[in-house]
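Below is one structure; the comments refer to it alone.
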Amino acid sequence: MDIPLSTIAVVGLGTMGTGIAEVLTRAGREVIGIDISEAAARQAVASLEASTARAVRRERITEQERHDILARFRTFSDLRAAADAELVIEVVPENYEIKQQVFRELDAVVSPTTILATGTNALSVTRLAAESQRPERVLGLHFFNPAPAMKLVEVVSSVLTAPPAVESVTRLARELGKEPVAVGDRPGFVADGLLFGYLNQAAAMYEANYASREDIDAAMKLGCGLPMGPLELLDLIGIDTARTVLEAMYAASHDRLHAPAPVLGQLSEAGLTGRKAGRGFYTYDAPGSQTVVPDALTPTAGADADTGRPVSSVGVAGSGTMASGIAEVFAKSGYGVVLAARSQEKADRAKARIAKSLERSVTKGRMTAEARDEALARITPAGTLDSFADVDLAVEAVAEDLDVKRELFATLDKVCRPGAVLATTTSSLPVVAIARATARPEDVVGMHFFNPAPAMKLVEVVRTVLTADDVHATAREVCRKVRKHPVDCGDRAGFIVNALLFPYLNNAIKMVEEHYATLDDIDAAMKLGGGYPMGPFELLDVVGLDVSLAIEKVLHSEFRDPGLAPAPLLEHLVAAGCLGRKTGRGFREYARR
């Protein structure tokens, strides 16, 4: 049955309710805004007036269109105003008692054919539906904040929801210019179900003093291309809200990854709930402001008190994409580079790869032909590590295998001069285990570049318990000289980025295993709802499923958390040789080149 949805009531006129009302009125719907607070209703009207005025100034709508939009929005303080609505969307606080009270009152007011939608992102839609006199008409309609800008809408069905109701709100979402994703009823649904586990782990990482808030946020923005770091995002969402969502997720999953980090409870109980309170993980210049101000935890200028060792020449060990990229980075920054591979032929091929990369930069206008020639002239290919005898910094970028790296570092220990800094680019192995292959573990540090090294700005600087202060300082100074952003982290599996990224990817695979959502819906949800540049399955296929599985195994082995155990589907695909784009098939199939 075709259910027209031309008059829609929005119950709760906070930030989300106001945003939803704006989306609906701009799409030509009559909107009945309801809030027990007259101040909230006035603020909603003022917000719509301000946003439409901006749209007129930017020539996105006409003055007449603005007048029509404002005329379609009426506010009330009583739920009886929803009597003529064909759809009611509630976005009141995330509390069962409050939402159930709203649904009970609506049951007595609206038509038997009215669809009742909850905007919850944490509570059970089924439980709310069961309390209603019309459970078949109850569903979830989860918009993302800010509703006018975010394209994703999760349409949540319970086992009681009638298909025509789902079809009607799905069609409405498309008419609003949104991308609806159909999901089942479980805490967090798709986007928040994956997002909040990641945010929780970031909070726990910060609480453990593993890395600073600034470094955690910078690592995820620069290493994964995310619009906001996890702690910034928690402050935006509201730390109390995040804790509520995680409590609901943990109650359903009993997964330790969803058990709220204690710091979230401590901040919530102290009223430090993020931007809305003026303080959360960061401090803001006023409640509701997005302007961060310095506080006691803010790093001071010139915080690096230690002076590093002088570095003028660099040795790069390896002949693959990462080694070539790192050599290119150093050469473009003026360093003399020795690029050593297992044979002269492999080293020459690696230099040829760098030449092609530099030529592309010239073609795109990013560097001059003269700068290209100068950078290339600084690179000396070699077929033996003996060529590292005089380098000040040796960087290895060979296979991600502990035995291979330990053997290489034992060789570096013999050929590199005393005082040379030895760096490993490992992304998952214990740096100290590599360092102990030498007689000078104090000279060893981790410098985890990201692929492609010439483009990616992040370097994770990994200090072991044995790394000397001036060696750590050297790594940071070198990063800045090659125009990379260094973040400090301790020597544990995954460092910052992979420790936060791969559990999120693993949980996405588990969603598919459980037939909760499709690959396409999950990828769409994370790109549209989370601002991720790639969906998790797109990213897994690019990284390589074998590489991903190896990192998952390292994380599981180190932290011994059952929730980190690699998803069986990932193991099966790797066993079948389906490794992603490089083999033409991973989670998806790709055309052979």
Side-chain angles (χ1 to χ4, degrees), residues 3 5 8-12 16-17 19-20 23-24 86-96 98-100 102-103 106 114-132 134-145 147 150-176 178-197 241 244-249 251-253 258 507-508 510-512 514-518 520-526 528-530:
I3 306 170
L5 301 176
I8 300 170
V10 178
V11 181
M16 180 59 80
I20 294 171
V23 171
L24 293 167
E86 290 121 8
L87 167 66
V88 181
I89 305 171
E90 70 76 15
V91 276
V92 300
E94 289 288 271
N95 177 284
Y96 274 118
I98 296 173
K99 290 183 183 292
Q100 287 168 339
V102 167
F103 274 70
L106 287 171
T114 298
I115 299 171
L116 303 181
T118 173
T120 184
N121 66 340
L123 306 181
S124 168
V125 176
T126 305
R127 181 172 166 183
L128 293 172
E131 295 282 329
S132 170
R134 62 195 83 203
E136 75 283 357
R137 317 289 293 174
V138 177
L139 46 71
L141 199 55
H142 181 212
F143 287 78
F144 287 73
N145 198 22
M150 300 296 281
K151 291 292 186 182
L152 180 67
V153 174
E154 290 176 320
V155 180
V156 189
S157 301
S158 78
V159 293
L160 305 169
T161 310
V166 176
E167 293 165 7
S168 292
V169 296
T170 300
R171 183 166 55 252
L172 171 68
R174 291 196 179 100
E175 290 170 357
L176 298 176
K178 304 298 184 184
E179 295 285 344
V181 171
V183 297
D185 183 23
R186 62 186 260 180
F189 313 129
V190 171
D192 285 352
L194 294 177
L195 177 65
F196 277 87
T241 300
T244 298
V245 174
L246 285 164
E247 290 282 13
M249 291 173 65
S253 70
H258 299 151
N507 285 336
K510 291 176 183 178
M511 278 190 175
V512 170
E514 296 163 5
H515 305 289
Y516 177 65
T518 66
D520 291 342
D521 280 350
I522 293 173
D523 276 354
M526 297 317 297
L528 298 172

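- Side chain of D521 to backbone of V181: no donor-acceptor contact under 3.5 angstrom is found.
- When atom types are taken as modelled, the side chain of E154 and the backbone of V183 share no donor-acceptor pair closer than 3.5 angstrom.
- A side-chain donor-acceptor contact under 3.5 Å links Y96 to the backbone of S124.
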**Prompt:** Where do N121 and E94 land on the side chain to side chain contact (heavy atoms under 4.5 Å, CB included) test, with the steps shown first?
**Reply:** CA-CA 8 Å; N121 66 340; E94 289 288 271; 3.0 Å; yes
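- Summarising the geometry of L194 relative to A508, their closest heavy-atom pair is CD2-N, 3.5 Å, with the distance given to 0.1 Å.
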**Request:** Kindly indicate, with the supporting measurements, whether the criterion side chain to side chain contact (heavy atoms under 4.5 Å, CB included) is fulfilled by F103 and T118.
**Result:** CA-CA 9 Å; F103 274 70; T118 173; 4.1 Å; yes
**Request:** Mind running side chain to side chain contact (heavy atoms under 4.5 Å, CB included) on V91 and V11 for me, showing each step along the way?
**Result:** CA-CA 6 Å; V91 276; V11 181; over 6 Å; no
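- Put simply, CG on L139 and CD1 on I89 are 9.5 Å apart, with the number rounded to the nearest 0.5 Å.
- Between the CG atom in N95 and the CG atom in L123 there is a gap of 7.5 Å [rounded to 0.5 Å].
- In the model, T161 has a side-chain atom that pairs as donor or acceptor with a side-chain atom of S158 under 3.5 Å.
- The main-chain N or O of A147 is found under 3.5 Å from a side-chain atom of K178 such that the two form a donor-acceptor pair.
- Here the straight-line distance linking atom CE of M249 with atom CG of D192 works out to 8.0 Å at 0.5 Å rounding.
- Only one option out of T114, L116, L24, L172 pairs with L87 in a side chain to side chain contact (heavy atoms under 4.5 Å, CB included); it is L172.
- Here the CD1 atom belonging to I8 is positioned 7.0 Å from the CG atom belonging to L176, to the nearest 0.5 angstrom.
- In this structure, P187 and A122 approach most closely via the heavy-atom pair CB-O, 3.8 Å.
- Taking CD1 from I522 and CE from M511, the interatomic distance works out to 6.0 Å, rounded to the nearest 0.5 Å.
- Nearest heavy atoms, S168 versus I115: CB-CD1, 4.0 Å.
- The two atoms that bring Y516 and F189 nearest to each other are OH-CA, 3.2 Å, heavy atoms only.
- Annotation: the span from R127 atom CZ to T120 atom OG1 amounts to 11.0 Å, rounded to 0.5 Å.
- Contact detail for A165 and E136: the closest heavy-atom pair is CB-O, 4.2 Å.
- With hydrogens and angles disregarded, a donor-acceptor distance shorter than 3.5 Å links the side chain of E90 to the backbone of V92.
- Screening L160, L106, V138 for a side chain to side chain contact (heavy atoms under 4.5 Å, CB included) involving S132 leaves a single residue, V138.
- The minimum heavy-atom distance linking L152 with G529 is given by the pair CD2-CA, 3.6 Å.
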